[in-house]
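Only this structure's heavy atoms are used, side chains among them; waters, hydrogens and symmetry mates stay out. Each chain gets a letter, A, B and so on, in the order the sequences are listed, and its residues count up from 1.
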Amino acid sequence: MGSIESLYDKIKNFTAQFFGGKGFSSTMTGYTTAELQASVFLLVLASLFRIFSVPLGIILVIAAIAGVIVFAPLIVTLERENESDLNRVLFWVVIYFAIIIAVTMWGR
Amino acid sequence: MSAVATNLWTIPLFVIIPIITAILLNLLYNKSRTIKVIAIASSIVLFVLALISPYGFQWFTGQPGVTPGGTYTFDASIFSYRLSLEYYFGGLQQILITIMSLLLVFVVFLSASSLRKNIGPYIALIFLLFMSSAIIIMVNDFYHLWIGVEMGSLLLAGVVAASGESISQKAALKYTFFSALSGAGMAIALAMILGVTGYSNITNAIQYIMSDNLSSLSGVLYIAFGFFVLSWIYAGGLAPIHPLKSDVYGSAFPHATVMLQTQSKLMIVAMGLIILRLFGTLPFAREVMLSVSVLTMIMGVTMALIQTDLRWTLAYLVVAHSGLVTLGISLGTVQGITGGLFQAVNDIVYMSVLLICCEAVMYFGKGTSIKTVGGIAKRAPWLALAVVIGAFAASGVPPFNGFQSEIILIQASLSSGLPEVAAIVLMVSVTTFIALFKPIYNIFLKPDNSPIAMEGDAGAGIATMAMVQPTSPVPKSIYLFLAILIAIIIVLGVYPQLALGFVQDTAIKVVYFPWVP
Amino acid sequence: MEMKELRGSRGVLAAVALLIIFIGVTVAFVQLNGNVARGISPEYNRLAHLQQPNSLSAWVYDWRGFDTLIETGVIYVGAVVSVLVIGRGLVRMKQVEGEEPVPQTSLDLKIGSVNAILKYFIFPLVILLAAYGILIVTGAATSGGGGFQCGVVVASAYLIGAVFFGKKNPLNFRRKFLIAIGSFGWALYALLGLPGYLVTGYWQYNVGTDLWSSIAGFPAQIPSILHTIFGDPYRLALVLKGGTFYSTAGIVPLINIGEAFNVIGAICLIFLVFIYGWSDTEEAKA
C-alpha cells in the first residue's frame, strides 16, 4: 500500500521540480516550451564551435546532448541564472569580460 | 543637399529644442494643460525638422579643421584634423531620428493624458531622453559619445523611477549601479584610444590607427575594445546585463518603455557601428560581438516564454530583438549591417505597437498579468487586431516589416558561412510568436472569468445579458497612433526599399570607408 | 544584499576572471607607457592666447563648449532625477490603482547641539565662501577656475550654513528659487549659442572673440554690434614675451556665469531636498 503512495509522491515531486514556484496551467506550457527551446539552443550553440575546429564541434555537441539529459530541467537553472540579483549579474559580467579579454589578447 | 556642409542648420536644433523644452516643462511642474501644449508642439517641430533636414555636418563652435599643411579649412570633404566637436546627420540618422520623434509625439501625448499629479519633470526627462539618443546617433567624437551614454543612463533611471513604485525604483537603482562600471569602463577605453591616437574625433582616430603601425600597441587596442564592448553591452542591455535591462523595461510605464527601447536601439546601433569602424580589423572582434548577440537572443527569448505578464514578456522580447540588431552589425558584411540597421528600424516600430497595446490593456484597470485580465477582445476588438498585427510583425510573418529584415539577416548569416546563426534567427522569430501568443490568447481572446466579471453578470441578471458590449476605456487617440504605426509596418513590409535606401549607404561606408561617419 | 552568490566555486571562478582582467589591463598600461600621441592639443595651445590667458577655460568653454553644455546637463539632470526620487514630480497612472509613493520626511538634523560660539565663526565663513565663489566666476577668463568651481564653492557654503544654522541659514535658498536658477543657468548656457548660430550657422560660435571669420570658407561676417555686445566688455591686453596682444574671451565669461548658476541650483537643491525632503503641499504654501 505504502509503496504505491510513495511512488506517486516521487513522480509528483519529480514533475513539480519542472515548475519552480508559480505553478498553474498557463505557466506550464511556457516552461515546457522554454525547456525544449533551451535544449535545442544549447545544441545549436555547441555546433557553432565547428567554425574553430570540426572535432571540437562534434565533441561539444555530444557533451551538450549528455548535459541536456543529465541536467534535465534546464529551464530552472536558466531562470535562476537570469535573476536580476546584482551579485549574480556582476559575476556573469566579470566572467564575460575576462573571456573577452582572454580571447582577444591571447586568442591567436 | 551638399554632403560637405559643416554648418548644417538642423543638427543643433535636435539638441537645443529638447533642452529648452525640458527646462520649461520642469519649471511649469504641475500646470498640466500648458505642459501638454508646449510638449506636443515641440515634439511635432522636432518631427518636421527630422523629416525635412538635408544631410551634412555640424562643427560646433565653428572651429575649423587643420590640414596637414597647417592651413585651416571649413570643408568636411578635405582631410583635416578637427578642432571642434563634430556631428553628422545622414540617411541612417534621418530615418532613426524621424521615427524616434514620431514616437516622441505619441509618448508625450499618452503620458500627458494618462498620468496624474505633477507631470512636468517626467515629460522633461522624456525630452532629454530623446536628446541623448539623438546625440549618440549623430556624434562623431569619443568624449561626447561617452557623455551621451552617461546622460542616457541617468535619464533612464529617472524615467523608470518616476512611477514611485518600489519595483521600478529598485530596477532603476540596479541599472544605474552598473552604469558606474560600464561608464568608467568606457572612459578607460576612450583614454586608451586617446592615448594611442591623440584624437577624440572618431574619424581622425581611425585615420591615425589605419595609417600608423600600432602593432607594438595592440594590447592597448584589445583592452580598449573589451571595455568598449562592455559599455555597449550595458547600453543595449545585451547578455549578461539583460536581466537588469528587462527589469527596467518591465517596471517602467509601457509608454515610457517605448522611448527607452528606442533609445537603447539607437545606442546599440551607434556604438556597434563605432566599434566595428574602429576595431573591425582586430582578430576575434566580430566573433566576440557575434557571441554576445547570439546569447542575448537566446536568453531573451527563452526568458520571454516563461513570463506570465504581458509587460514582462515584452520586456524580454525587446532584449531578445536587440540581439537581432547587434547580430546584423556584428556580421560585419554590407548585407549584415544593412539587415541589422533595417531590423533596428522595424524593431522600434513593431515593439512600439505592442507596448502601446500593453498600455491600453492597463486602462482596463486590472493590470497586464494573464492571471487577472481576460476577454479584452470583446470590449476592444480593434485593439486585439492591432496587437495581433504587432505580434505577426515581430515574429517575421509576411507582409509585415519584421519579415523583410529578418530574411536579410538570415541571408547575411548564410552567406557569411554561419547556417547555425541563421537557424537561431529563425528560431527566435518562431519563439517570439509563441511567447507573444500566450499572453495575447489569455488577455484578449480567453473569456473574462475573473470573480468581478462573474459577480456582475450574476447580480444584474438577464437584463445585462442582452446588453451590448460594455464601453471600452481606451481613448481614440491610441487607435490613431496604432493605425499610423501599423501603416508604417505594412508599408515597410511591402516596400522595404523605402527604408533600405536610408541605411544601405551607412552599411557600405562602415565596411569600405570606416573613417567616414 | 548577501554575498553568498560569490562564495564557493563561483568565487574562485570570479577571482580567476578578475586576475585575467587585471593582467590584461596592466599589459595595456605598460604598452601605453611612453607611447602617448599628442594629436590636436599642441594646436589648441598655440591658439589659446588669441582668446584669453586661461587656456583651460578656452578649451572647455569655447573649442569644446558644446561638449561642456551637455556635461552641464548631466549635473542638471542629476538634480532633477535625485529630487524626483525623493518626491518632486512622481507620477501615477489615472486608470491604475497602485501603491502610493511614500513621502520622504526630513532628516533629523538637530542644530541645537551646535556650540553657539562656533556659529559666530561659521557665519563669516559662509559669507566669505560665497564671495569667493563669485570672485572665481567673475575672473574666469583671466585666472584658473570657472563656473563649475564657483558653483561647488557656493554650494559648500550653503551646506555648511545648513549644518550649523538649520533653517536659519544665512544663504536661505528656497526650493523654487534653486530650481529656477538652475534652469536659468542651463538655459543661459544653451541660448548663448544662438547669436553665433543665427549669423554663421555654427552653434555657439564665439561671436565676441571672432577668431575665424577671416579664414577662407567661413560662411559669414560677424556684424560689429555683436562684437560690441559680446566682445568689448571682456577686452584684455596680454603682455607676453612675443609682444602685447589684444584679445577678448567673448561669450566665455557669460557661459561661465550660466554654468555657475546651473551648478549652484543643482547641487544646493540636492542638499536641500536630501536634508528636508520634498512635500508638494508645503511647496504650495510657500
Side-chain angles (χ1 to χ4, degrees), chain B residues 7 9 12 16 19-20 23 26-27 29 58-64 66 72-75 81 83-85 114-122 124-125 128 135 143-144 147 150-151 154-155 157-158 161-165 169 192 195-199 216-217 219-220 223 253 362-363 365 473, chain C residues 24-25 27-28 31-32 35-41 43-44 62-67 70-71 73-74 77-78 80-81 83-85 87-101 179-180 183 186-187 190-191 193 196-197 200-206 212 215 217-219 280:
Chain B
N7 56 351
W9 62 279
I16 298 297
I19 288 181
I20 299 298
I23 290 175
N26 186 29
L27 279 177
Y29 189 47
Q58 168 74 230
W59 289 0
F60 282 100
T61 67
Q63 313 291 336
V66 185
Y72 298 112
T73 176
F74 286 96
D75 189 344
Y81 302 109
L83 285 176
S84 56
L85 172 66
S114 74
L115 298 177
R116 64 190 157 87
K117 290 193 151 181
N118 314 307
I119 55 174
Y122 178 74
L125 290 181
L128 291 175
I135 286 176
Y143 265 154
H144 207 63
I147 290 166
E150 285 284 285
M151 190 149 184
L154 192 57
L155 287 162
S163 75
E165 284 177 3
Q169 295 210 338
M192 289 187 163
V196 170
T197 66
Y199 300 103
S216 65
L217 293 176
V220 183
I223 296 296
F253 294 123
M362 289 180 83
Y363 291 170
Chain C
V25 173
V27 166
Q31 284 187 359
L32 197 58
N35 287 320
V36 174
R38 286 274 182 86
I40 204 77
S41 49
E43 184 74 17
Y44 279 136
D62 195 339
W63 293 320
R64 296 196 59 87
F66 194 76
D67 199 32
I70 307 299
E71 274 189 60
V74 174
V77 171
V80 172
V81 171
V83 176
L84 183 138
V85 174
R88 178 181 187 268
L90 289 179
V91 284
R92 316 286 314 146
M93 235 165 159
K94 279 174 192 160
Q95 294 86 351
V96 181
E97 297 291 318
E99 53 173 304
E100 280 296 316
I179 291 165
S183 303
W186 200 26
L191 291 179
Y197 175 69
T200 66
Y202 293 110
W203 189 272
Q204 219 167 309
Y205 179 68
N206 195 338
W212 304 109
I215 304 283
F218 196 76
D280 281 322

Quiz prompt | Under 3.5 Å: donor-acceptor pair, side chain of B:Tyr363, backbone of C:Lys94 | solution = no

Self-check item: Contact class of B:Asn26 relative to chain C, heavy atoms under 4.5 angstrom
Solution: both

Quiz prompt | chain C contact via B:Ser114 - side chain, backbone, both or neither, heavy atoms under 4.5 Å | solution = both

Quiz prompt | CA sep, side-chain torsions, deciding dist, call: B:Val196, C:Leu32, side-chain contact (heavy atoms from CB on, under 4.5 Å) | solution = CA-CA 7 Å; B:Val196 170; C:Leu32 197 58; 3.8 Å; yes

Exercise. Would you sort out whether C:Gln204 and B:Phe60 count as a side-chain contact (heavy atoms from CB on, under 4.5 Å), showing the intermediate values?
Key: CA-CA 7 Å; C:Gln204 219 167 309; B:Phe60 282 100; 5.7 Å; no

Quiz prompt | Region of B:Val66 that comes under 4.5 Å of a non-hydrogen atom in chain C | solution = side chain

Quiz item: Once the angle between the rings of B:Phe74 and C:Trp212 is folded into 0 to 90°, is it parallel (under 30°), tilted (30 to 60°) or perpendicular (over 60°)?
Solution: perpendicular

Exercise. Output all residues satisfying salt bridge (charged side-chain N to carboxylate O under 4.0 Å, His left out) with B:Glu150, sequence neighbours left out; order by chain, then residue number.
Key: none

Quiz prompt | chain B contacts, top residue of C:Tyr205, C:Phe218, C:Trp203 (heavy-atom pairs, under 4.5 Å) | solution = C:Trp203

Quiz item: Using a cut-off of under 4.5 Å for heavy-atom pairs, which of C:Val27, C:Asn206, C:Leu191, C:Leu84 has the most such pairs with chain B?
Solution: C:Leu84

Quiz item: Side chain, backbone, both or neither: which part of B:Leu85 has a heavy atom under 4.5 Å from chain C?
Solution: both

Quiz prompt | Closest heavy-atom pair and its distance - B:Ala161, C:Val85 | solution = CB-CG2, 4.1 Å

Quiz prompt | B:Leu83, part contacting chain C, at a heavy-atom distance under 4.5 Å | solution = both

Quiz prompt | Trace of the side-chain contact (heavy atoms from CB on, under 4.5 Å) decision for C:Arg64 with B:Tyr143 | solution = CA-CA 10 Å; C:Arg64 296 196 59 87; B:Tyr143 265 154; 3.6 Å; yes

Practice problem: Could you tell me which portion of B:Ile119 (side chain, backbone, both or neither) has an atom closer than 4.5 angstrom to a non-hydrogen atom of chain C? | Solution: both

Self-check item: With C:Val74 via side chain to side chain contact (heavy atoms under 4.5 Å, CB included) - residues at least two apart
Solution: B:Ile147, B:Met151, B:Leu154

Quiz item: For the side chain of B:Asn7 and the backbone of C:Thr200, is there at least one donor-acceptor N/O pair under 3.5 Å apart?
Solution: yes

Quiz item: Taking atom types as modelled, is there a side-chain donor on C:Glu43 or B:Tyr72 under 3.5 Å from an acceptor on the other?
Solution: yes

Exercise. Would you confirm whether C:Arg92, through its side chain, and B:Leu115, through its main-chain N or O, come within 3.5 Å as a donor-acceptor pair?
Key: no

Quiz item: Can you say whether B:Leu125 sits under 4.5 Å from chain C via the side chain, the backbone, both, or neither, judging by heavy atoms?
Solution: side chain

